[in-house]
Amino acid sequence: MVTGPSVNEHHLVPRTYGGRETVTMHRICHAKIHAVLTEQQLRDHYRDLDSLRGHPDLAAFVRWVRRKPPEFVDGHATDRRRRR
């Protein structure tokens, strides 16, 4: 596991919908989740790690990023809120 500034806490159910449970993940994976899925989709269909891993775009991203070193940072997986 990567520690320090390379990790984020991801709320399995978005906080805006009352989610409290979190999982620790690499920040680029966290950013990719929020770039691909809306908060409503996360709430309704992607409430656990297995369902997130099953999403085709996220599964492809995980296959790609797993070959990178732990400290790898990719600017393409940005959160859509920052793109506006």
Side-chain angles (χ1 to χ4, degrees):
M1 179 165 114
V2 178
T3 59
S6 295
V7 296
N8 289 142
E9 291 295 317
H10 171 68
H11 285 82
L12 293 171
V13 173
R15 286 183 300 182
T16 55
Y17 294 106
R20 294 179 186 251
E21 183 181 356
T22 63
V23 293
T24 303
M25 64 177 56
H26 196 280
R27 66 184 175 162
I28 63 171
C29 295
H30 189 216
K32 184 66 172 182
I33 288 168
H34 288 285
V36 171
L37 298 168
T38 66
E39 290 195 348
Q40 293 85 5
Q41 289 171 315
L42 289 167
R43 177 195 65 197
D44 296 341
H45 306 291
Y46 298 97
R47 299 172 145 238
D48 58 60
L49 290 177
D50 288 336
S51 61
L52 286 168
R53 288 181 186 124
H55 186 282
D57 292 342
L58 297 177
F61 181 79
V62 168
R63 282 191 303 274
W64 173 78
V65 80
R66 105 173 4 130
R67 295 186 302 262
K68 306 296 182 201
E71 60 280 354
F72 178 77
V73 177
D74 176 31
H76 291 98
T78 58
D79 188 321
R80 80 175 75 99
R81 289 175 290 213
R82 285 182 273 181
R83 284 188 273 167
R84 290 181 187 170

Rounded distance [0.5 Å steps], NZ in Lys32 versus NE2 in His26
14.5 Å
Atom CE of Met25 and atom CD1 of Ile33: how far apart are they, to the nearest 0.5 Å?
4.0 Å
Residues in side-chain hydrogen bond (donor to acceptor under 3.5 Å, both in side chains) with Asp44, at least two apart?
none
Quick one: does Leu42's side chain get under 4.5 Å of Leu52's, heavy atoms only?
yes
Identify all side-chain donor-acceptor contacts of residues 10-21 below 3.5 Å with residues at least two apart in sequence or on another chain.
{"from": "His10", "atom 1": "ND1", "to": "His30", "atom 2": "NE2", "distance (Å)": "3.3"}
{"from": "Thr16", "atom 1": "OG1", "to": "Glu39", "atom 2": "OE1", "distance (Å)": "2.6"}
{"from": "Tyr17", "atom 1": "OH", "to": "Gln40", "atom 2": "NE2", "distance (Å)": "3.1"}

Just verifying a value: how many Å separate Arg43 CZ and Leu37 CG, rounded to the nearest 0.5 Å?
13.0 Å
Table please: side-chain donor-acceptor pairs of residues 56-69 below 3.5 Å, with sequence neighbours left out.
{"from": "Arg67", "atom 1": "NH1", "to": "Arg63", "atom 2": "O", "distance (Å)": "3.3"}

